[in-house]
Visitor: 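Have a look at this one before I ask anything.
Only heavy atoms go into these numbers, but all of them, side chains included; no hydrogens, no water, no symmetry mates. Protein chains get the first letters and strands the later ones, always in sequence-line order, with residue 1 at the start of each.
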There are 2 protein chains.
Amino acid sequence: MYICSDVNRFSMKNSQLYKGSLTTIVMKLLEENGRMYGYEITQKVKEITKGELKITEGALYPALHKLEAEGVLEVEIENVDNRLRKYYKLTEKGTSETINRLAELEEFIKNMQSIVNPKLT
Amino acid sequence: MYICSDVNRFSMKNSQLYKGSLTTIVMKLLEENGRMYGYEITQKVKEITKGELKITEGALYPALHKLEAEGVLEVEIENVDNRLRKYYKLTEKGTSETINRLAELEEFIKNMQSIVNPKLT
DNA sequence: TTATATACATAAGATTTCTATGTATTAATT
DNA sequence: AATTAATACATAGAAATCTTATGTATATAA
């Protein structure tokens with residue numbers, strides 16, 4: 001019988017703000033690191049944000065599959081220590097898409113800062 | 001007969017990134033301006049972001065109703081030029097919630113910048 | 001031997017947002 | 001005079017995304 005030991009498998013209080021930013025984060029990390037597999041992405045994000053953002057598997061894997069279906073990512077399956085790994089990397093299309101996404105992110109951050117701190121604008 | 005003249009009533013290419021930030025934006029604007037009505041909020045955001053972010057009515061009005069139901073906002077209905085206006089302002093609870101939200105927003109922006117620009121971290 | 005870490009997956013439900021439509025008044029344009 | 005645009009609210013259906021929960025499987029640490 002399978003027993004699920006639910007310790008730290010999920011994010012707990014991820015701010016609503018992160019909604020909509022998952023694919024941008026994934027694409028940026030892949031641009032930076034060449035290729036990564038799903039689990040590695042979750043760990044990397046946790047590390048970068050000092051544990052503040054925990055990407056859930058239920059969000060990540062479907063997102064990766066969608067990006068692959070859209071031709072943004074391509075996958076290489078490997079076997080490491082008898083364990084399956086699916087390495088993802090940006091396609092050519094994905095690379096140019098990432099440039100757009102990062103520009104959008106910069107604009108977004110600028111706009112949010114304008115709203116939060118209208119004096120500086 | 002009613003004819004809908006659909007010019008500029010909706011946002012067009014709002015980045016996915018804005019998903020999840022609507023209530024934070026609304027709360028911050030109300031903290032800043034004391035009280036505002038829905039239409040005013042849409043115009044203010046358009047102005048602040050120089051037309052880049054256009055809040056849709058289909059998103060805003062349900063969000064305002066929900067925040068009111070949660071006790072974050074309270075409403076004062078007024079009649080101006082034969083037109084209905086519903087002014088919203090933060091409740092006491094809403095004011096303290098806003099402080100939390102803005103802290104979360106700062107963290108979020110910091111984390112997103114860490115991801116985009118890992119060298120500076 | 002039990003739990004944790006690694007590594008994938010999907011389905012149900014909740015939530016949010018977009019698109020489209022609806023009503024109504026006033027102001028501007030043609 | 002008639003039409004369009006602007007002001008001001010509203011809601012319903014669909015789409016998209018994310019959370020929660022569950023499932024399978026191997027390797028390692030306690």
Side-chain angles (χ1 to χ4, degrees), chain A residues 1-26 36-47 53-70 75-88, chain B residues 1-26 36-47 53-70 75-88:
Chain A
M1 206 235 293
Y2 176 79
I3 294 166
C4 185
S5 56
D6 271 345
V7 181
N8 248 357
R9 290 194 69 191
F10 310 119
S11 72
M12 32 215 81
K13 43 105 227 171
N14 282 344
S15 157
Q16 285 289 109
L17 290 164
Y18 291 96
K19 294 193 184 200
S21 60
L22 178 58
T23 56
T24 302
I25 291 171
V26 168
M36 297 178 85
Y37 55 99
Y39 186 77
E40 189 184 9
I41 292 172
T42 66
Q43 299 308 300
K44 189 74 178 173
V45 168
K46 202 156 50 166
E47 180 201 319
L53 176 54
K54 287 170 187 161
I55 291 181
T56 61
E57 296 158 292
L60 179 63
Y61 290 116
L64 289 172
H65 301 160
K66 201 191 170 203
L67 289 171
E68 191 193 349
E70 288 168 355
V75 69
E76 290 160 9
I77 300 177
E78 285 182 30
N79 209 299
V80 182
D81 282 331
N82 248 11
R83 255 197 233 101
L84 187 73
R85 267 192 202 169
K86 293 177 78 172
Y87 280 98
Y88 289 91
Chain B
M1 209 235 292
Y2 175 79
I3 294 164
C4 185
S5 55
D6 273 345
V7 183
N8 248 354
R9 291 195 68 190
F10 310 119
S11 72
M12 32 216 81
K13 42 106 227 173
N14 282 344
S15 158
Q16 287 289 109
L17 292 163
Y18 291 96
K19 295 191 183 201
S21 60
L22 178 58
T23 55
T24 302
I25 291 171
V26 168
M36 297 178 85
Y37 55 98
Y39 186 75
E40 189 185 9
I41 292 172
T42 67
Q43 300 307 301
K44 190 74 180 175
V45 169
K46 202 155 50 167
E47 180 201 317
L53 176 54
K54 287 170 188 163
I55 290 180
T56 61
E57 295 158 292
L60 179 63
Y61 290 116
L64 289 172
H65 300 160
K66 200 190 171 207
L67 289 171
E68 191 193 348
E70 289 168 354
V75 67
E76 291 160 8
I77 300 177
E78 285 182 31
N79 208 299
V80 181
D81 284 330
N82 248 12
R83 257 199 232 100
L84 186 72
R85 268 191 201 169
K86 292 176 79 172
Y87 280 98
Y88 289 91

Visitor: Nearest whole Å is fine: how far is D:dT11 P from B:Leu60 CG?
Guide: 12 Å

Visitor: Any side-chain N or O of B:Thr56 below 4.0 angstrom from OP1/OP2 of C:dT17?
Guide: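 No, B:Thr56 has no side-chain N/O under 4.0 Å of OP1/OP2 on C:dT17.
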
Visitor: Judged by each residue's nearest nucleotide on DNA chain D, which is more toward the 5′ side, B:Gln43 or B:Leu64?
Guide: B:Gln43

Visitor: Nearest whole angstrom, please: distance from the C1' of D:dC9 to the CD1 of B:Ile55.
Guide: 16 Å

Visitor: What is the distance from CD1 of B:Ile41 to P of D:dT7, rounded to the nearest Å?
Guide: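 Rounded to the whole Å, the gap is 15 Å.
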
Visitor: OP1 or OP2 of D:dC9 less than 4.0 angstrom from a side-chain nitrogen or oxygen of B:Tyr39, does that happen here?
Guide: no

Visitor: Classify B:Gly38 by what it touches in the nucleic acid, base, sugar-phosphate, or nothing, heavy-atom distance under 4.0 Å.
Guide: sugar-phosphate

Visitor: Less than 4.0 angstrom between a side-chain N/O of B:Asn82 and OP1 or OP2 of C:dA24, yes or no?
Guide: no

Visitor: As a test of reading the structure: which of D:dA27, D:dC9, D:dT17 is closest to the side chain of A:Lys66, going by heavy atoms?
Guide: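 Given the options D:dA27, D:dC9, D:dT17, the side chain of A:Lys66 is closest to D:dT17.
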
Visitor: Find which nucleotide of DNA chain C each of A:Ala59 and A:Arg85 is nearest to by heavy atoms, and output the residue with the more 5' nucleotide.
Guide: A:Arg85

Visitor: Could you tell me how far apart A:Lys86 (NZ) and C:dT6 (C1') are, to the nearest whole angstrom?
Guide: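 About 16 Å, once rounded to whole Å.
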
Visitor: I want to check one thing: is the phosphate of C:dT17, taken as OP1 and OP2, less than 4.0 Å away from some side-chain N or O of A:Lys19?
Guide: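 Answer is no, no contact under 4.0 Å.
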
Visitor: Would you mind reading off the distance between A:Asp81 atom CG and D:dA29 atom P, rounded to a whole angstrom?
Guide: 12 Å

Visitor: Could you check how far OH of A:Tyr61 sits from P of D:dA25, rounded to whole Å?
Guide: 16 Å

Visitor: Looking only at side-chain N and O atoms, does A:His65 come under 4.0 Å of OP1 or OP2 in C:dT10?
Guide: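 Looking at the OP1 and OP2 atoms of C:dT10, one of them is under 4.0 Å from a side-chain N or O of A:His65.
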
Visitor: Within this structure, what is the OH-to-C1' distance between A:Tyr88 and C:dA9, rounded to whole angstrom?
Guide: 10 Å

Visitor: With DNA chain C as reference, determine whether A:Pro62 or A:Val80 sits nearer its 5' end, using the nearest nucleotide of each.
Guide: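 By nearest-heavy-atom nucleotide position, the 5'-most residue is A:Val80.
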
Visitor: With rounding to the nearest 0.5 angstrom, report the OG1 to CG distance, B:Thr56 to B:Leu22.
Guide: 7.5 Å

Visitor: Just call it for A:Arg83: base, sugar-phosphate, or nothing, with non-hydrogen atoms closer than 4.0 Å on any strand.
Guide: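 Base contact.
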
Visitor: Picking from C:dA9, C:dC8, C:dT17, which would you name as closest to the side chain of A:Tyr37?
Guide: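 For the A:Tyr37 side chain, the nearest candidate turns out to be C:dC8.
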
Visitor: With rounding to the nearest 0.5 angstrom, report the CD1 to OH distance, B:Ile77 to B:Tyr88.
Guide: 8.0 Å

Visitor: How long is the straight-line distance from CG of B:Leu60 back to NE2 of B:His65, given to the nearest 0.5 Å?
Guide: 8.5 Å

Visitor: Find the distance between CE (B:Met36) and CG (B:Leu64) and round it off to the nearest 0.5 Å.
Guide: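 One gets 10.5 Å once the value is rounded to the nearest 0.5 Å.
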
Visitor: Can you tell me how far OH of A:Tyr61 sits from OG1 of A:Thr42, rounded to the nearest 0.5 angstrom?
Guide: 6.5 Å

Visitor: Any chance you could measure B:Gln43, atom CD, to B:Tyr37, atom OH, to the nearest 0.5 Å?
Guide: 8.5 Å

Visitor: Between A:Gln16 and C:dT15, does any side-chain N or O lie under 4.0 Å from OP1 or OP2?
Guide: no

Visitor: Separation of B:Leu17 atom CG from D:dT17 atom P, in whole Å?
Guide: 12 Å

